[in-house]
2 protein chains.
Amino acid sequence: MAGRNLVGPEADALDLGAVFRALADEHRRSVMTELAADRSDSERGCNSFDLPISKQTQTHHFRVLREAGLIDEIDYGNRKGIRLRRTDIEKRFPGLLALLGEEPPGDTAPR
Amino acid sequence: MAGRNLVGPEADALDLGAVFRALADEHRRSVMTELAADRSDSERGCNSFDLPISKQTQTHHFRVLREAGLIDEIDYGNRKGIRLRRTDIEKRFPGLLALLGEEPPGDTAPR
DNA sequence: CTTCAGGTACGATGCAAGTCGTACCTGAAG
DNA sequence: CTTCAGGTACGACTTGCATCGTACCTGAAG
């Protein structure tokens with residue numbers, strides 16, 4: 001469990017309702033789709049997704065994703081890292097991340 | 001495409017966002033979990049789920065599921081039949097229905 | 001030290017959605 | 001015909017949530 005100082009639920013405690021609610025939002029789903037597409041699972045800066053929303057709203061969305069157990073947030077003080085919890089997700093909900101790839105890219109426009 | 005007089009989107013037009021939004025609600029997810037568990041895919045009456053909500057709200061939820069492309073609603077005039085669109089769902093989002101079985105039964109309490 | 005960019009906390013706002021009350025429709029059974 | 005259960009339509013209410021404004025914190029660079 002290295003590099004996870006802003007913690008979400010454990011792998012066994014992932015709630016399907018929270019996951020679906022998290023993925024119901026277009027912006028959060030676009031983030032997850034990008035993360036799922038990168039098989040290297042490298043840590044990313046949270047402004048590397050260029051979401052068309054304010055900083056405060058981005059903070060809110062990343063918090064929702066973390067509390068759903070989908071990502072880790074690594075706090076560096078004045079910046080933050082994002083990493084997909086691929087193994088935990090695949091363990092609890094196998095095939096979920098593959099579904100995100102089924103969505104045609106470019107459909108991530110707000111509403 | 002027999003027995004589908006209240007139609008939702010075609011199989012190719014299923015929207016992942018609409019699906020996740022539909023499955024984000026506990027009541028709708030409990031319906032889908034029951035339907036997914038029955039491999040015979042027999043048609044069911046829409047009061048066979050004993051949801052702890054009023055008739056009007058049930059109508060609303062079944063409409064959302066239909067418009068998301070997850071179920072068919074067969075109108076008999078004074079009653080209604082519900083059938084899971086398993087093949088369409090599996091074609092567009094393979095593995096999605098299996099995820100619903102990952103949820104422990106009895107977690108379908110409201111809120 | 002000051003400055004500045006990245007990020008968070010708190011509150012307010014606006015809109016979407018879940019819920020139900022009332023009224024109405026439909027078809028089957030008396 | 002009347003009665004009744006199942007279902008819908010419309011509207012109202014309430015909650016949840018996405019969004020942003022303001023203020024504040026953190027760490028790095030001058």
Side-chain angles (χ1 to χ4, degrees), chain A residues 3-8 15-33 43-68 70-83 107-111, chain B residues 3-8 15-32 43-83 107-111:
Chain A
R4 181 138 78 98
N5 45 16
L6 286 178
V7 291
D15 176 55
L16 191 56
V19 169
F20 280 143
R21 273 191 297 275
L23 295 177
D25 182 85
E26 306 280 338
H27 296 138
R28 290 195 292 262
R29 198 166 62 256
S30 75
V31 169
M32 289 299 297
T33 302
E43 183 177 320
R44 297 186 52 168
C46 53
N47 49 1
S48 67
F49 299 94
D50 59 67
L51 299 169
I53 49 180
S54 67
K55 293 189 303 178
Q56 310 93 292
T57 306
Q58 293 191 32
T59 297
H60 164 67
H61 284 314
F62 286 121
R63 170 197 287 263
V64 172
L65 289 176
R66 172 173 54 86
E67 290 179 345
L70 296 175
I71 64 170
D72 282 331
E73 294 184 283
I74 300 95
D75 183 24
Y76 293 111
N78 64 343
R79 67 193 179 106
K80 199 172 53 176
I82 301 293
R83 188 184 297 127
D107 275 10
T108 56
R111 268 154 247 271
Chain B
R4 182 136 77 97
N5 46 16
L6 287 177
V7 291
D15 176 54
L16 190 57
V19 169
F20 280 143
R21 273 190 296 274
L23 295 176
D25 182 84
E26 307 279 340
H27 295 138
R28 290 195 293 262
R29 198 165 62 256
S30 74
V31 169
M32 290 299 298
E43 183 178 320
R44 296 186 52 168
C46 53
N47 49 2
S48 67
F49 300 94
D50 61 68
L51 300 170
I53 50 181
S54 66
K55 294 189 304 179
Q56 311 92 295
T57 306
Q58 292 189 32
T59 298
H60 164 68
H61 284 313
F62 285 121
R63 172 198 286 263
V64 173
L65 288 176
R66 172 173 55 86
E67 290 180 346
L70 296 175
I71 64 171
D72 282 331
E73 293 184 285
I74 300 95
D75 184 24
Y76 293 112
N78 64 344
R79 65 191 180 106
K80 201 172 53 176
I82 301 293
R83 189 185 296 125
D107 274 12
T108 55
R111 294 152 230 257

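Naming convention: chains lettered A, B, ... in sequence-line order (proteins, then strands); numbering from 1 in each chain. Keep in mind that what you see is a predicted model, and the values were worked out from it rather than measured.
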> Measure the distance from CZ on B:F49 to C1' on D:dG7 and round it to the nearest whole Å.
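Rounded to whole Å, this separation is 15 Å.
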> Return the minimal non-hydrogen interatomic distance between B:R66 and B:V7, and the atom names on each side.
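Reported closest heavy-atom pair: NH1-O, 3.3 Å.
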> Can you check whether A:H60 has a side-chain N or O nearer than 4.0 Å to OP1 or OP2 of C:dG7?
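For A:H60, the contact criterion (side-chain N or O under 4.0 Å from OP1 or OP2 of C:dG7) is not met.
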> Return the CD to NE2 distance between A:E26 and A:H61, rounded to the nearest 0.5 Å.
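That separation rounds to 10.5 Å.
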> For A:G77 and for B:G45, locate the closest nucleotide of DNA chain D by heavy-atom distance; then report the residue assigned to the nucleotide nearer the 5' terminus.
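Per heavy-atom nearest nucleotide, the more 5' residue is B:G45.
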> Write down the distance between CG (B:N78) and P (D:dA9), rounded to a whole number of angstrom.
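So the two atoms are 15 Å apart, to the nearest Å.
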> Measure CZ/B:R79 against P/D:dG6 and give the value in whole Å, please.
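It is 11 Å, rounded to the nearest whole Å.
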> Taking OP1 and OP2 of C:dT19, is either one under 4.0 Å from a side-chain nitrogen or oxygen of B:H61?
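So the side-chain polar atoms of B:H61 do come within 4.0 Å of the phosphate oxygens OP1 or OP2 of C:dT19, strictly under.
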> Within the structure, does a side-chain N or O atom of A:T59 lie under 4.0 Å from either OP1 or OP2 of C:dT8?
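Yes, because at least one side-chain N or O of A:T59 sits under 4.0 Å from OP1 or OP2 of C:dT8.
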> Got more than 12 heavy atoms from elsewhere within 6.0 Å of CZ, B:R44?
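Correct, the count exceeds 12.
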> Expressed as a whole number of angstroms, how long is the span from A:L65:CG to D:dA18:P?
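Value for this atom pair: 10 Å.
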> Does D:dA5 pair with anything, Watson-Crick or G-U wobble, both distances under 3.5 Å, and if so, with which nucleotide?
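Across any shown strand, D:dA5 pairs with C:dT26.
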> Can you find a side chain N or O atom of B:R63 that sits less than 4.0 Å from OP1 or OP2 on D:dA9?
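Yes, such a contact exists.
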> Please give, in whole Å, the distance from D:dT15 P to B:E26 CD?
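It is 18 Å, rounded to the nearest whole Å.
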> Keeping the roles fixed (side chain from A:R28, backbone from A:L23), state whether a donor-acceptor pair exists under 3.5 Å.
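No, the answer is negative, given that no donor and acceptor are paired below the 3.5 Å cut-off.
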> Please state how far atom CG in A:D25 lies from atom P in C:dA16, giving the value in whole angstrom units.
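It is 14 Å, rounded to the nearest whole Å.
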> So, for B:Q58 and B:L51, which heavy atoms are closest and what is the spacing to 0.1 Å?
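Scanning both residues, the minimum pair turns out to be NE2-O, 3.7 Å.
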> Please evaluate the base of D:dG7 for a donor-acceptor partner in the side chain of B:Q56 within a cut-off of under 3.5 Å?
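Between D:dG7 and B:Q56, which were checked side chain against base, a qualifying N/O pair under 3.5 Å is absent.
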> What is the distance, rounded to the nearest whole Å, between atom CZ of B:R66 and atom C1' of D:dG7?
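So the two atoms are 13 Å apart, to the nearest Å.
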> Respond yes when some side-chain nitrogen or oxygen of B:K80 is under 4.0 Å from OP1 or OP2 of D:dT8, and no when none is.
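True: B:K80 side-chain N/O within range (under 4.0 Å) of D:dT8 OP1/OP2.
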> Counting only side-chain heavy atoms from C-beta out, which of C:dT19, C:dG6, D:dG6 sits nearest to B:N47?
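Out of C:dT19, C:dG6, D:dG6, the nucleotide with an atom closest to B:N47's side chain is D:dG6.
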> State the pairing partner of D:dA12; accept Watson-Crick or G-U wobble contacts with both distances under 3.5 Å, and report none otherwise.
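WC or wobble partner is C:dT19.
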> Side-chain contact, heavy-atom cut-off 4.5 Å: A:E73 with A:I82?
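Yes - at least one pair of side-chain heavy atoms lies under 4.5 Å apart.
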> Within less than 4.0 Å of OP1 or OP2 of C:dG18, is there a side-chain N or O belonging to B:R28?
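Yes, such a contact exists.
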> Please report, rounded to the nearest Å, how far the C1' atom of D:dC25 is from the NZ atom of A:K55.
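Distance, rounded to whole Å: 11 Å.
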> Would you please confirm or rule out a distance under 4.0 Å between OP1 or OP2 of C:dT19 and any side-chain N or O of B:T57?
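For C:dT19, neither OP1 nor OP2 has a side-chain N or O of B:T57 closer than 4.0 Å.
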> Taking only the side-chain heavy atoms of A:I53 (C-beta and beyond), determine which of D:dT19, D:dG7, C:dG7 contains the nearest atom.
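Of the options given, the side chain of A:I53 lies nearest D:dT19.
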